[in-house]
Amino acid sequence: MATSLKVAVVGAGVAGLIAARELQRESHQVVVFEKSHRLGGTWAYDPRVESDLLGLDQNREIIHGSLYKSLRTNLPRQLMSFTDFKFSDKTYGDERLFPGHEEVLKFLEDFAGSFEVTELIRFNTAVTRVELVDSDIIEFEVESKTNGVNAVEVFDAVVVCNGHNSEPRPAFDIPDCINKDGTITFEDGISIDAHIIFHCTGYKSHVPFLKTNGIVSVQEKRIGPLYKLVFPPQLAPRLSFVGLPEKSLTFLIIECQSKWIAKTLSTKISLPSKDQMLRDIKEHHGDIEDDGFPKAYTHFLEIENDYIDWMSTQLEMNVDKKFTDMFKYLIHCFRSGNFDNFMNLFELKYGV
């Protein structure tokens with residue numbers, strides 16, 4: 001018999017929306033916490049600029065997201081779809097292969113409305129604490145703040161979907177790459193006093209609200225230990241993460257992860273033992289180290305299709321091979337220097 005649980009979803013971006021839909025489909029009781037006044041996460045453009053661009057002042061007003069006004073997607077719209085809700089089937093006024101961010105937000109709003117996800121969202125509600133109540137029973141206290149008013153609730157499970165493009169990773173955080181006083185020291189010992197420094201160092205993995213007594217930690221952008229980048233073995237399946245993989249078929253992977261979590265919580269799918277999951281994680285981390293990559297690359301998948309194949313097998317889900325082939329071709333065009341002609345090549349090859 002399937003199990004129905006009270007589940008908290010943190011964030012109403014792409015990951016939170018699809019996670020909420022899949023959880024609802026499995027008859028779980030879902031509450032989505034969203035700190036802003038609207039859904040969309042990264043894709044909800046905010047013209048305001050933070051007073052502290054490097055995020056060094058913890059008391060600053062945080063303006064979520066890395067979106068800028070003229071941004072367009074770096075994936076064609078065909079690859080920014082869910083299996084049963086296609087971006088390419090929608091018309092929002094921008095028919096370009098790589099649409100602007102306004103189109104993506106409209107698509108997500110359409111998705112949330114079509115599957116009655118919007119009514120599950122508590123807007124203007126920031127999660128300030130998710131804490132394990134009892135490691136034997138595995139329940140979580142979720143503390144949130146709405147218009148300055150705190151509330152604490154207990155949930156059977158928590159799905160973390162807060163994204164990874166909101167907390168800047170300034171060069172100050174990189175050992176030896178800049179000094180606190182703004183001077184830059186190079187490997188040969190020479191230092192310069194720079195007037196302007198462009199930080200092109202990306203973002204941190206950031207889950208400040210999560211309290212697990214050290215079971216889950218963040219090290220050099222690696223959140224873990226996580227089985228298949230989703231479940232911490234000691235708390236699986238009651239705590240999970242959606243949307244951590246980078247350089248990947250984001251929408252498809254997020255959908256697969258969400259289905260897997262929802263069905264696992266319903267006991268329709270079983271996870272390996274804790275020891276087996278930990279062994280798998282150790283092997284994955286070892287492969288990264290053997291290939292000479294830092295911990296920060298733990299969540300990078302790029303054109304690795306084994307992850308999607310493995311996930312779809314668990315779900316008995318048919319994934320159109322055309323999607324993974326299209327993504328591989330996109331990467332090929334980037335690397336071969338053919339990106340200027342990509343649209344023509346893509347349309348010629350795939351008829352879109």
Between L210 and L239, is any pair of side-chain heavy atoms under 4.5 Å apart?
yes

Assess whether side-chain hydrogen bond (donor to acceptor under 3.5 Å, both in side chains) is satisfied between T183 and S191, documenting all intermediate values.
CA-CA 7 Å; T183 59; S191 294; 5.5 Å; no

Can you find a heavy atom in the side chain of L244 that is under 4.5 Å from one in the side chain of I223?
yes

Decide yes or no for R238 and L265: does some side-chain heavy atom of the first lie under 4.5 Å from some side-chain heavy atom of the second?
yes

Any heavy-atom pair between the side chains of D110 and Y92 that's under 4.5 Å?
yes

Taking it one step at a time, do I253 and L229 satisfy side-chain contact (heavy atoms from CB on, under 4.5 Å)?
CA-CA 11 Å; I253 285 175; L229 306 182; over 6 Å; no

Any heavy-atom pair between the side chains of L252 and I254 that's under 4.5 Å?
no

Greater than 12 external heavy atoms within 6.0 Å of E153's CD:
yes

In terms of heavy-atom contacts, V7 and F155 come closest through C-CD2, 3.6 Å

With a cut-off of 3.5 Å and sequence neighbours excluded, list every side-chain donor-acceptor pair involving residues 93-102.
residue, atom, partner, partner atom, Å
D94, OD1, R96, N, 3.1
D94, OD1, R96, NE, 3.0
D94, OD2, R96, NE, 3.3
D94, OD2, R96, NH2, 2.8
D94, OD2, G100, N, 3.1
H101, NE2, K69, O, 2.9

Near E316 CD, under 6.0 Å, is it more than 12 heavy atoms from other residues, nucleotides or ligands?
no

Measuring from Q314:CD to T264:OG1, what's the distance to the nearest 0.5 Å?
8.5 Å

Quick one: pull up CG in D193 and CD1 in I184 and give me the separation to the nearest 0.5 Å.
9.0 Å

All heavy atoms of I288 vs all of P294, minimum pair found to be CG2-O, 3.7 Å

Any side-chain donor near an acceptor of the partner, Q219 and K295, under 3.5 Å
yes

Is there side-chain contact between R21 and V30, with heavy atoms separated by less than 4.5 Å?
no

Distance check, rounded to the nearest 0.5 Å: T250 atom OG1 versus E255 atom CD?
13.0 Å

d(M277 CE, Q234 CD) to nearest 0.5 Å is 10.0 Å

Listing, residues 143-152 side-chain donor-acceptor contacts under 3.5 Å, not counting sequence neighbours, or none:
residue, atom, partner, partner atom, Å
E143, OE1, R129, NE, 2.9
E143, OE1, R129, NH2, 3.3
T146, OG1, T125, OG1, 2.9

Could you walk me through whether V10 and V158 pass the side-chain contact (heavy atoms from CB on, under 4.5 Å) test, one step at a time?
CA-CA 8 Å; V10 183; V158 174; 4.2 Å; yes

Is D84 paired with R25 through a side-chain N to carboxylate O contact shorter than 4.0 Å?
yes

Between V9, I269, V230, which is the residue that forms a side-chain contact (heavy atoms from CB on, under 4.5 Å) with I261?
V230

Straight-line distance of H299 NE2 to F241 CZ, nearest 0.5 Å:
8.5 Å

Cationic tip of K221 above F300 ring, under 6.0 Å, 45° of axis:
no

Beyond-backbone contact of Y45 with L71, side-chain heavy atoms, under 4.5 angstrom
no

What class does the angle between the rings of F107 and F251 fall in, given that below 30° is parallel, 30 to 60° is tilted and above 60° is perpendicular?
tilted

Pairing of R38 and E109 as salt bridge, 4.0 angstrom limit
no

Looking at every non-hydrogen atom in both residues, tell me the closest pair between P233 and K274 and how far apart they are.
CB-CG, 3.8 Å

Output yes when R279 and E283 qualify as a salt bridge under the 4.0 Å nitrogen-oxygen rule, no when they do not.
no

Side-chain donor-acceptor pair under 3.5 Å between S258 and E22, yes or no?
no

Exercise: identify the closest heavy-atom pair between F140 and A157:
CD1-CA, 4.4 Å

Ring-plane angle category for F115 and F85, please: parallel below 30°, perpendicular beyond 60°, tilted otherwise.
perpendicular

Closest heavy-atom contact between S88 and R77?
CA-CD, 4.1 Å

I190 CD1: over 12 foreign heavy atoms closer than 6.0 Å
no

Does atom CD of E116 have more than 12 heavy-atom neighbours from other groups under 6.0 Å away?
no

When you compare the side chain of P272 with that of Y227, does any pair of heavy atoms fall below 4.5 Å?
yes

